[in-house]
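For reference, the structure is listed below as structure tokens.
Because only heavy atoms are used, hydrogens play no part in the values below, and waters and symmetry mates are left out as well, while side chains stay in.
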Amino acid sequence: LGLTIGTLVSFLTLNKSFNQPINQVSQQSNAIIMALFFLCYSYQFVYLAIGLFAKPKKTEAAALRRRIAVLIAARNEEAVIGDIVQNLNEMEYPREMYDFYILADNCTDRTAEIARGLGANVLESWKDSPDAPTGKPIVLQKALQTLGDYQNRYDLVMFFDADNLIDKNMFAEVNSQYLDANGQADIIQCYLGCKNKKGIVAMFYYMTYTITNRFFQYAKSRLGLNSVIGGTGFAVSAKYLYKRGGWTAMSLTEDFELQIESTCEGKRILWNHNVRIYDEKPTAFRASFRQRTRWAQGHWFVAFKNTGKLFRALFQKKIRFSEFFSTFLYMYSLTPYVILMFQLAMGALMQIFVWLGWLPATPKTASPNSWLTMNWPSIVLFFYSFVFLFYWADWTDNRCRVEWKKFVPMLVSVFLNTVLAGWAQVVGLFKHRKQNQWVKTEHKIHDKDDMTVNFDVAAPEPEAEAAAEEETVSC
């Protein structure tokens, strides 16, 4: 890490005074964190015009239909499994052109029974031994092995989570985009919507996904860059999946691993902004911390494992420099959070030393006022992202107008969850070598009053969609 190198250099060039090293280290860390935050968020200046003004491209409906296999991993999901099975039974796509499979992973509840009762194909998976690892990557691997010659039976394999809901025209839209790409689409990621947003925790997820869908994913796609695979709502070419040896991404962030490996192979990952999946988000801080820690563990592991591979892909001209730079920046996008946590901890420690009388005074560059002075550009950019860009994206994509009564809770949500997410990145970094322990996120939202989507109404036709643009909705 840059911070480690900077800290060592600072200490090696200091005199014997204890106060002077702290002063210089603090100053250096302030400069590093400001530069990293600016670098990691400055992509928005490039993507801004696209996200603000460019309209998503509409793909012409294709008469030709590709066969699709749908895999839904489920671990004790009896509370929500019925919703997605019913959803999949009602898709606006010829029923003989797609099959869906519920992958019951060591379920001890009624998940498999409920899914079968609603007409789903169910593939049950059990641990090979009591100590054997389990989790989503393993059940996906076993499912593809069980399906056998899926590369001959299907053109695309789509992946969802058991708590998801799906736009009913998704298969038709993905099919059209895949055909329109003329063989240049290896993976297609659909818009990552949120099933719920009530509460301080879920609100933060809704905000971040709303921003990144438009100002990151969509903007990158318009520039011809690969999209980020979001763990659900994505389709992979069956032939490409088979060529890879089935499901081989086995880290805690199997989606990110697939994304990086595919990019390094020169494959194309497209973004579809027209149809979306709705994913249930945690509503409690504890559940969110566990999920974010798992994400961080997998993210750091994949980043460290594939950095050399990414450089080789650039030197071997498998990818353009713009793709390399975009991917590298995303691979290490968690670094500013780690440095921020270190810096805050160091500032707090220095203040404790002052209170105990071990230091004469808090070094100027470690004081709160100095911290704000040094980091104000990053802070302004951060809140610009979470206020202006959020409101713009929420209106543009979701037709939700600004509700000022939610502004203060929104800021509280951003502050608390940013600290939580930052700490999760630190924990994930220290635990990144542990990739065998999958911690399940509990899903329970079934009441339509708690959802952001109502599937009693079918996906809007183009005429209804145009009329909706004239409406103002309070979300």
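With hydrogens and angles ignored, the 3.5 Å screen pairs no side-chain donor or acceptor of Gln217 with any backbone N or O of Arg214. No side-chain donor-acceptor contact under 3.5 Å links Lys142 to the backbone of Asp105. Not one N or O on the side chain of Gln189 forms a donor-acceptor pair closer than 3.5 Å with the backbone of Leu270. Judged by distance alone, with hydrogens and angles left aside, the side-chain atoms of Ser251 form a donor-acceptor pair with the main-chain N or O of Thr253 at under 3.5 Å. Panel note: side chain Lys318, backbone Gly266; no donor-acceptor pair is recorded below 3.5 Å. Not a single donor-acceptor pair under 3.5 Å links the side chain of Gln141 to the backbone N or O of Gly246. Listed for the Asp161 side chain is no donor-acceptor partner under 3.5 Å among the backbone atoms of Thr232. Asn87 places no side-chain N or O within donor-acceptor distance of the main-chain N or O of Leu165, the cut-off being under 3.5 Å. Formation of a donor-acceptor pair under 3.5 Å by the Asn272 side chain with backbone atoms of Cys190 is not found in this model. With hydrogens and angles disregarded, no donor-acceptor distance shorter than 3.5 Å links the side chain of Glu254 to the backbone of Ala249.
Between Tyr278 atom OH and Asp83 atom CG the span is 14.5 Å, to the nearest 0.5 Å. Met203 contributes atom CE, which lies 11.5 Å from atom CG of Leu416 (distance to the nearest 0.5 angstrom). Taken to the nearest 0.5 Å, the SG atom of Cys264 stands 6.0 Å off from the NZ atom of Lys309.
If you check the side chains of Asp109 and Thr111, you find a donor sitting under 3.5 Å from an acceptor. Looking only at atom types and distance, the side chain of Tyr206 has a donor-acceptor partner in the side chain of Asn398 under 3.5 Å away. Asn213 and Tyr218 are not linked by any side-chain donor-acceptor pair at a separation below 3.5 angstrom, with hydrogens and angles left out of the test. Between the side chains of Tyr205 and Ser288, at least one donor-acceptor pair of N or O atoms lies under 3.5 Å. No hydrogens or angles considered: nothing links the side chains of Tyr242 and Asp149 as a donor-acceptor pair under 3.5 Å. Between the side chains of Asn196 and Glu280, no donor-acceptor pair is found at a separation under 3.5 Å. In summary, the side chains of Lys220 and Ser326 do present a donor paired with an acceptor at a separation below 3.5 Å, with no hydrogens or angles considered.
Between Glu173 and Arg276, none of the side-chain N atoms (NZ, or NE/NH1/NH2) sits under 4.0 Å from a carboxylate O, so this pair counts as no salt bridge.
Taking the six-membered ring for Trp and the full ring otherwise, Phe311 and Phe324 have centroids separated by under 6.0 Å. A ring-centre distance under 6.0 Å is not found for Tyr391 and Trp395. Two rings, from Phe100 and Phe160, have their centers 6.0 Å or more apart. The distance between the ring centers of His299 and Tyr332 does not fall below 6.0 angstrom.
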TODO: Could you please spell out the steps behind the side chain to side chain contact (heavy atoms under 4.5 Å, CB included) verdict for Lys267 and Thr263?
DONE: CA-CA 5 Å; Lys267 302 301 181 181; Thr263 297; over 6 Å; no
- [ ] Take Leu71 and Leu144 through the test side chain to side chain contact (heavy atoms under 4.5 Å, CB included) and record every step on the way to the result.
- [x] CA-CA 9 Å; Leu71 304 184; Leu144 290 174; 3.9 Å; yes
TODO: Output, in order, the C-alpha distance, side-chain angles, deciding distance and verdict of side chain to side chain contact (heavy atoms under 4.5 Å, CB included) for Ile102 and Asn121.
DONE: CA-CA 6 Å; Ile102 303 300; Asn121 299 304; over 6 Å; no
TODO: Could you go through the side chain to side chain contact (heavy atoms under 4.5 Å, CB included) check for Thr327 and Leu310 one step at a time?
DONE: CA-CA 8 Å; Thr327 304; Leu310 183 66; 4.0 Å; yes
TODO: Applying salt bridge (Lys or Arg N to Asp or Glu O under 4.0 Å), run through Arg116 and Glu124 and close with a yes or a no.
DONE: CA-CA 11 Å; Arg116 283 198 183 96; Glu124 295 191 70; 3.0 Å; yes
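In this structure Thr208 satisfies the side chain to side chain contact (heavy atoms under 4.5 Å, CB included) test together with Phe204, Phe386, sequence neighbours excluded. Asn106 pairs by the side chain to side chain donor-acceptor pair (under 3.5 Å) definition with Thr134, not counting sequence neighbours. Residues forming a ring-ring contact (aromatic ring centres under 6.0 Å, His included) with Phe171 (at least two apart in sequence, or on another chain): Tyr98. Judged as a side chain to side chain donor-acceptor pair (under 3.5 Å), and not counting sequence neighbours, the contacts of Tyr154 are Asp99, Tyr101. Residues passing the side chain to side chain contact (heavy atoms under 4.5 Å, CB included) test with Glu96 are Pro94, sequence neighbours excluded. Considering only residues two or more places apart in sequence or on other chains, Tyr209 meets the ring-ring contact (aromatic ring centres under 6.0 Å, His included) condition with none of them. For His273, the side chain to side chain donor-acceptor pair (under 3.5 Å) partners at least two apart in sequence or on another chain are Trp271, Asp397. Checked against side chain to side chain contact (heavy atoms under 4.5 Å, CB included), Ala73 has the following partners two or more places apart in sequence or in another chain: Lys136, Val139. With sequence neighbours left out, Phe234 forms a ring-ring contact (aromatic ring centres under 6.0 Å, His included) with Phe159. With sequence neighbours left out, the side chain to side chain donor-acceptor pair (under 3.5 Å) criterion links Glu323 to no other residue.
The 12-atom threshold is not exceeded at CH2 of Trp423, counting heavy atoms of other residues, nucleotides or ligands nearer than 6.0 Å. No more than 12 heavy atoms of other residues, nucleotides or ligands shown are found within 6.0 angstrom of CZ on Arg286. With a 6.0 Å radius and a threshold of 12 heavy atoms from other residues, nucleotides or ligands, Phe415 has its CZ atom at or below the threshold. Within a 6.0 Å sphere centred on NZ of Lys127, heavy atoms belonging to other residues, nucleotides or ligands number more than 12.
For the residue pair Ser262 and Ile269, the shortest heavy atom distance occurs at CB-CD1, 4.4 Å. When every heavy atom of Arg65 is checked against every heavy atom of Met97, the shortest pair comes out as O-CE, 3.2 Å. Considering all non-hydrogen atoms of both residues, Leu334 and Ala296 come closest at CD1-CA, 4.3 Å. Residues His432 and Gln435 approach most closely at O-NE2, 2.7 Å, considering heavy atoms. Nearest heavy-atom pair across Ile200 and Ser413 is O-OG, 2.6 Å. The heavy-atom pair separating Trp247 from Leu241 by the smallest distance is CE3-CD1, 4.3 Å.
Among pairs with a residue in residues 223-248, those fulfilling salt bridge (Lys or Arg N to Asp or Glu O under 4.0 Å) read Arg244-Glu261, Arg244-Glu265, at least two apart in sequence or across chains.
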Kindly list each side-chain donor-acceptor pair under 3.5 angstrom involving residues 179-188, sequence neighbours excluded, with atom names and distances?
{"residue": "Asp186", "atom": "OD2", "partner": "Arg268", "partner atom": "N", "Å": "2.9"}

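Between Phe388 and Trp392, the ring planes are tilted. Angles from 30° to 60° get that label.
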